[in-house]
Amino acid sequence: MLQIILLLLPAVVSDQWSVCYPPSICAARGSNVTINCTFTYPPENDIKQVLWCSMRSNNGKCHYQPYVYDSEANNSQSFQYIGDKTSDCSLLISNINQAHSGEYRFRFITNKKDGRWTGDPGVNISVHDLRVSMCRSRENGSTIPGDSLILTCTLNCSGSLAEVQWFKNGDPIQQSEPVLTFSRITAEDSGNYSCSLRNFKTTVSEEFSIYIEDVAGSPTVLIIVVSLFSLVFITAAVMLIRRRKAKTQRKPMEEREKAQDSLYSTPQKTAYTNLPEAKDVQQEDEVEYSSVNIKPKEMLQMSANTEQQDDSTIYSTVMNG
């Protein structure tokens, strides 16, 4: 019976040594990651030293350096032990990046000669960048105003994120859900969108650009186009009205001028109705008028035909002049 107990004793003792890790961890680059960890050991042992090792730089049972954390050495600021020396072995990794990906193991050493233990296997951490993906109602072609569009902040190795911070052209916008929905997108929604974990701007993703190609169809531009067209139409109408008004004002004036010309020319036509041709009479009238008023002495040098004109004709010519 004793022999059986002795045979079972090692198993009982082995059950007293353990390290419990969380499932695999998916982390966003630039975030802080906590590895929640607990450990157990026989009560007659006292913990003297705790260590964490990365299997990218260590191997086996982590018996030897290097360690990412050693309670008896100076450690990197990226790795902070937030546990204790009784049961909590949690580790905080700050500003994590792709170089921190891999398996991590916890090891502790007690005051007993054989009181050492390494939790094997450890916990795996994978580090990825946040990214923005798009889903839209239009399968082909460019996005145009009125389309519905959805942007999603995702991390490749995990499910849906709890809370995020969205940015447009680098400026934060009021949206904490990992899904950003545009039910009817407009030209004003064009821009560069990115996301990060809430309160961790160091995790910001690469920008995703949205460009609305048919900006001419947006309401703002349409209003501007209609306004310009209306302005041109009104200007043309005003110019046309002014032209018609000016033409209407010129017409009575022209008629008055024609009436005056008609009154002025009527006596001449009446006085010379008996002459053979009006054109010749007008020329002779001009000659007689100039002879009487400008150069009276030259009347003596006129041809014999002119001297033979009767006094009544000369008198009529002078009066008409």
Side-chain angles (χ1 to χ4, degrees), residues 18-41 45-111 115-131 153-159 161-167 170 172 176 178 194-207:
S18 66
V19 177
C20 182
Y21 302 104
S24 298
I25 297 173
C26 177
R29 178 188 54 81
S31 64
N32 296 343
V33 174
T34 299
I35 303 175
N36 294 312
C37 170
T38 58
F39 65 102
T40 60
Y41 52 90
N45 289 266
D46 294 327
I47 303 300
K48 295 177 55 180
Q49 185 178 8
V50 292
L51 310 105
W52 275 93
C53 65
S54 170
M55 302 312 295
R56 296 185 64 167
S57 57
N58 212 312
N59 54 66
K61 299 294 183 179
C62 298
H63 289 174
Y64 306 103
Q65 295 182 348
Y67 297 106
V68 296
Y69 177 80
D70 184 350
S71 61
E72 295 186 355
N74 293 325
N75 299 281
S76 169
Q77 293 182 353
S78 298
F79 297 89
Q80 181 182 357
Y81 188 76
I82 58 176
D84 53 36
K85 290 184 178 181
T86 56
S87 61
D88 189 349
C89 53
S90 298
L91 181 71
L92 173 65
I93 306 176
S94 301
N95 195 21
I96 198 168
N97 57 54
Q98 278 80 357
H100 295 144
S101 296
E103 181 185 354
Y104 289 82
R105 296 179 181 179
F106 175 69
R107 178 176 175 81
F108 61 95
I109 300 174
T110 70
N111 59 339
R116 305 181 179 191
W117 190 264
T118 300
D120 180 21
V123 57
N124 285 293
I125 298 178
S126 57
V127 182
H128 299 270
D129 286 324
L130 287 173
R131 67 184 184 92
C153 185
T154 61
L155 192 61
N156 286 345
C157 56
S158 71
L161 301 172
E163 286 189 345
V164 302
Q165 174 65 61
W166 283 96
F167 302 89
S176 61
S194 56
C195 66
S196 72
L197 296 182
R198 198 74 171 174
N199 302 323
F200 281 99
K201 195 173 181 179
T202 52
T203 65
V204 67
S205 67
E206 291 186 357
E207 292 185 332

Please confirm whether the backbone N or O of [Y] pairs with a side-chain atom of [X], one donor and one acceptor, at under 3.5 Å?
X: Asn156; Y: Thr154; value: no
X: Ser196; Y: Val204; value: no
X: Thr203; Y: Ala28; value: no
X: Asn36; Y: Ser90; value: no
X: Arg56; Y: Ala99; value: yes
X: Tyr67; Y: Val50; value: no
X: Trp117; Y: Thr40; value: no

With a 4.5 Å heavy-atom cut-off, do [X] and [Y] have their side chains touching?
X: Phe200; Y: Gln165; result: no
X: Thr110; Y: Asp46; result: no
X: Asn58; Y: Pro66; result: yes
X: Gln65; Y: Cys53; result: no
X: Phe108; Y: Tyr41; result: yes
X: Phe106; Y: Ile35; result: no
X: Leu130; Y: Val164; result: no
X: Val19; Y: Cys37; result: yes

Donor-acceptor list for residues 121-129 side chains, cut-off 3.5 Å, not counting sequence neighbours:
from, atom 1, to, atom 2, distance (Å)
Asp129, OD1, Arg29, NE, 2.2
Asp129, OD1, Arg29, NH2, 3.3

If you look at every heavy atom in [X] and [Y], which pair is closest and at what distance?
X: Ala27; Y: Cys157; result: N-SG, 4.4 Å
X: Arg105; Y: Cys62; result: CB-SG, 4.2 Å
X: Ser54; Y: Val68; result: CB-CG1, 3.9 Å

inquiry  = Per the ring pair (Phe, Tyr, Trp, His ring centres under 6.0 Å) rule, what does the pair list look like for residues 78-101, sequence neighbours excluded?
reply    = Tyr69-Tyr81, Phe79-His100
task = For Glu163, check side chain to side chain contact (heavy atoms under 4.5 Å, CB included) against everything at least two apart and list the hits.
result = Arg198
key: Partners meeting side chain to side chain contact (heavy atoms under 4.5 Å, CB included) with Gln49 (sequence neighbours left out)   = Leu51, Asp70, Ser71, Glu72, Ile109
Any chance you could measure [X], atom [atom1], to [Y], atom [atom2], to the nearest 0.5 Å?
X: Leu161; Y: Cys153; atom1: CG; atom2: SG; value: 5.5 Å
X: Asp120; Y: Met55; atom1: CG; atom2: CE; value: 7.5 Å
X: Tyr21; Y: Cys89; atom1: OH; atom2: SG; value: 7.0 Å
X: Leu92; Y: Ser78; atom1: CG; atom2: OG; value: 9.5 Å
X: Glu103; Y: Ser24; atom1: CD; atom2: OG; value: 9.5 Å
X: Thr34; Y: Leu91; atom1: OG1; atom2: CG; value: 8.5 Å

ask   = For Ser31 and Ile96, what are the C-alpha separation, side-chain angles and deciding distance, and is it a side chain to side chain contact (heavy atoms under 4.5 Å, CB included)?
value = CA-CA 6 Å; Ser31 64; Ile96 198 168; 3.8 Å; yes
request  = Test Asn32 against Ile93 for side chain to side chain contact (heavy atoms under 4.5 Å, CB included), laying out the working first.
outcome  = CA-CA 6 Å; Asn32 296 343; Ile93 306 176; over 6 Å; no
inquiry  = Would you say CD of Gln98 has more than 12 non-hydrogen atoms from neighbouring residues, nucleotides or ligands within 6.0 angstrom?
reply    = yes
query = In this structure, are over 12 heavy atoms from other groups packed under 6.0 Å from Lys48 atom NZ?
reply = no
key: Cys20: partners by disulfide (SG to SG under 2.5 Å), with sequence neighbours left out   = none
message = Could you work out, with salt bridge (Lys or Arg N to Asp or Glu O under 4.0 Å) as the rule, every residue matching Lys201, not counting sequence neighbours?
response = none
